[in-house]
**Student:** 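Sending over a structure as structure tokens; questions will come in a sec.
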Amino acid sequence: MRILSLPSRASVRALRGVAVLATLACGLIAVPLKAGAAEPSPAPLTVEEAVEAAVKNNERSQAATARAEAAEARVQRARAFFFPQLSFTSSYTRRPYQSVRDVGGQSVVLQQYDALGASANLRAPILNVSAFPLYRQSHMEQQASAADAREAARLLAFEAADAFLATLSAEQVKVAAERRRAFAQDALKDSRARVQARLVSSNDLTRAELELATAEREATRAEGDVQTAYLQLANLLNTRVEPPLAEPTALLTAAAVAHEELTLPLEPALARRLDLQALRSRAEGLEAAATEPGLRVLPSLNLLGQYRLTNEGGLTGRFGDGFVGVELSWTLFDGGARYAEGRERDAQARATALEAQGLERSVGLQLERARVSLRNAQAALAQAEVAARAAEKNAKEAQALYREGLTGALQVADANIRLFEAQVALARERYGLALALLDVRAAAGLDPLGKEWTL
């Protein structure tokens with residue numbers, strides 16, 4: 001849906017989803033700062049600030065802006081054809097001799113040792129109808145490049161929001177892994193005590209040792225994932241990023257109660273889609289350019305003027321001279337090149353117009369699919385909440401029965417696994433709901449915060 005040089009949003013979600021699942025499933029909270037810190041910690045980076053930094057600092061957005069400036073310069077170059085051109089030339093010639101003639105008893109120098117000359121030339125177009133379509137094309141290309149620059153910044157904003165969530169989830173998973181390791185250490189101590197008291201078999205101790213080893217491995221992996229996520233976020237924003245990150249509560253809340261997004265009309269979305277605007281502008285410019293070869297059958301008319309100064313008056317004795325004239329140029333036959341070029345440009349214009357038409361239909365499909373996904377995600381979240389509550393109740397009941405000796409450790413472990421799976425599913429649906437909301441906003445031409453893109 002969004003054309004980027006990076007992996008698609010679907011593949012990125014698959015990598016990021018697992019990270020956020022364990023975090024939300026365990027119900028983690030941010031680690032409080034230690035009291036008595038020497039320096040106050042900086043304010044956490046928000047998703048709004050991350051989006052702004054990416055659009056401002058990332059080279060892709062700047063490169064798109066530079067391409068738009070280049071297109072604007074091409075418009076100025078095309079406009080210059082309608083204005084007169086004035087040039088000035090001068091020359092100096094050193095000869096080994098000078099030419100002198102006797103005219104009426106007077107010596108006249110025809111060529112001097114040192115000859116100086118200067119001329120001013122004027123060329124002004126009077127009529128050239130083929131220049132107007134080319135100017136129109138450059139103007140429409142400038143509008144398309146400007147829309148491309150804005151669209152690149154908009155897509156970069158969505159990428160920054162995704163990277164922000166990925167970094168936040170990785171950081172929370174690290175905390176989850178550390179708490180899991182601490183829980184495993186406590187469970188190992190308790191198992192050793194129970195085995196020494198001969199209340200349980202040695203298999204419980206083996207299970208605890210295995211769980212601790214697994215927890216330590218996951219904690220190490222989570223630490224590396226956090227460092228990688230911060231490096232990727234900093235690279236995308238092109239600025240230094242320090243933990244912690246602020247939770248995007250507004251985005252999560254909007255995803256849970258997304259009602260307006262389900263009724264977004266298509267026509268305003270088409271008007272906001274900058275990629276569609278760019279393609280339409282290019283198609284219109286190519287249509288104008290396709291008419292230019294056919295206009296070459298008409299003649300062009302130019303005004304010419306020149307004034308020349310020299311230090312060699314010659315026989316006339318005039319040191320300055322000039323003229324004004326009109327030039328008519330008319331190519332009656334060019335071998336058929338203009339007709340072939342006209343057909344080529346017309347085909348290119350039709351192809352681009354068809355691409356714009358296809359993109360317009362695709363926008364409607366993207367919006368409908370995103371809305372269907374959003375409805376399904378909302379329903380799945382409600383079902384996951386019911387399952388999580390049932391799993392939590394089942395786990396508590398199993399623990400109570402285990403204390404009374406009415407069930408075994410295997411049943412308690414199975415209940416805890418089911419609880420973890422239910423909480424993971426709940427986290428998956430909550431995160432998927434937020435992504436579905438972003439998809440709707442992207443298809444509707446909005447920014448990640450649900451506002452119209454105004455860059």
Side-chain angles (χ1 to χ4, degrees), residues 2 4-9 11-24 26 28-34 37-65 152-179 218-255 427 430-431 434-435 437-438 441-442 447-451 453 455:
R2 292 190 278 278
L4 295 172
S5 58
L6 298 179
S8 62
R9 283 179 56 84
S11 61
V12 174
R13 288 180 198 166
L15 297 175
R16 297 174 181 168
V18 176
V20 76
L21 300 181
T23 300
L24 299 178
C26 297
L28 298 177
I29 60 175
V31 178
L33 298 176
K34 294 183 179 181
E39 297 180 359
S41 59
L45 180 69
T46 64
V47 65
E48 294 84 359
E49 294 172 344
V51 168
E52 181 180 359
V55 174
K56 179 181 178 182
N57 301 331
N58 193 277
E59 292 83 359
R60 294 206 305 270
S61 177
Q62 297 174 4
T65 303
R154 190 179 77 95
L155 297 181
L156 192 59
F158 277 97
E159 188 176 345
D162 288 347
F164 182 90
L165 293 176
T167 305
L168 181 61
S169 63
E171 192 173 47
Q172 292 173 342
V173 168
K174 172 188 173 183
V175 178
E178 291 174 348
R179 296 185 67 175
E218 294 300 325
T220 302
R221 179 179 298 175
E223 174 66 25
D225 291 342
V226 168
Q227 296 176 2
T228 301
Y230 267 100
L231 289 175
Q232 292 176 345
L233 179 61
N235 179 70
L236 180 63
L237 305 187
N238 196 15
T239 186
R240 186 177 181 85
V241 179
E242 297 290 346
L245 301 179
E247 182 181 4
T249 55
L251 179 61
L252 297 177
T253 303
R430 185 187 181 199
Y431 186 65
L435 291 177
L437 176 62
L438 290 180
R441 291 175 176 177
D447 67 358
L449 306 179
K451 302 177 182 178
W453 190 249
L455 179 66

**Student:** Of the non-hydrogen atoms in Leu251 and Pro448, which two are nearest, and what is the gap between them?
**Tutor:**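 Nearest pair, atom of Leu251 first, then Pro448: CD1-O, 4.1 Å.
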
**Student:** I want to check something: taking the side chain as every heavy atom from C-beta on, are Leu245 and Thr167 in contact at a cut-off of under 4.5 Å?
**Tutor:**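 The answer is yes, as the side chains (C-beta and beyond) meet within the 4.5 Å cut-off.
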
**Student:** CG of Leu449 to CZ of Arg441: how many Å apart, nearest 0.5 Å?
**Tutor:**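 Leu449 atom CG to Arg441 atom CZ measures 7.0 Å (nearest 0.5 Å).
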
**Student:** Got Leu45 and Val241 here, is their nearest side-chain heavy-atom distance under 4.5 Å?
**Tutor:**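 Side-chain contact under 4.5 Å: yes.
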
**Student:** Taking all atoms of both residues into account, what is the closest heavy-atom pair of Ala246 and Phe164, and its distance?
**Tutor:**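 Heavy atoms of Ala246 and Phe164 come nearest at O-CZ, 3.1 Å.
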
**Student:** What distance do Leu438 atom CG and Asp447 atom CG have between them, rounded to the nearest 0.5 Å?
**Tutor:** 10.0 Å

**Student:** Please report the interatomic distance OG1(Thr220) to CG(Asp225), rounded to the nearest 0.5 Å.
**Tutor:** 11.0 Å

**Student:** What's the spacing between Thr65 OG1 and Arg60 CZ if we round to 0.5 Å?
**Tutor:** 12.5 Å

**Student:** Above 12 or not: heavy atoms from other molecules or residues under 6.0 Å from CD of Glu52?
**Tutor:** no

**Student:** To check you understand the geometry: which heavy-atom pair defines the closest contact between Tyr230 and Pro244, and what is its length?
**Tutor:**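 Of all heavy-atom pairs spanning Tyr230 and Pro244, the closest is OH-CA, 4.0 Å.
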
**Student:** With heavy-atom distances below 4.5 Å as the criterion, would you say the side chains of Glu49 and Leu237 are in contact?
**Tutor:**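 No - every pair of side-chain heavy atoms lies 4.5 Å or more apart.
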
**Student:** Grab the two heavy atoms, one from Gln62 and one from Asn57, that are nearest each other, plus how far apart they are.
**Tutor:** NE2-O, 3.3 Å

**Student:** Between Trp453 and Val55, does a side chain to side chain contact (heavy atoms under 4.5 Å, CB included) hold up when you go through it step by step?
**Tutor:** CA-CA 12 Å; Trp453 190 249; Val55 174; 3.8 Å; yes

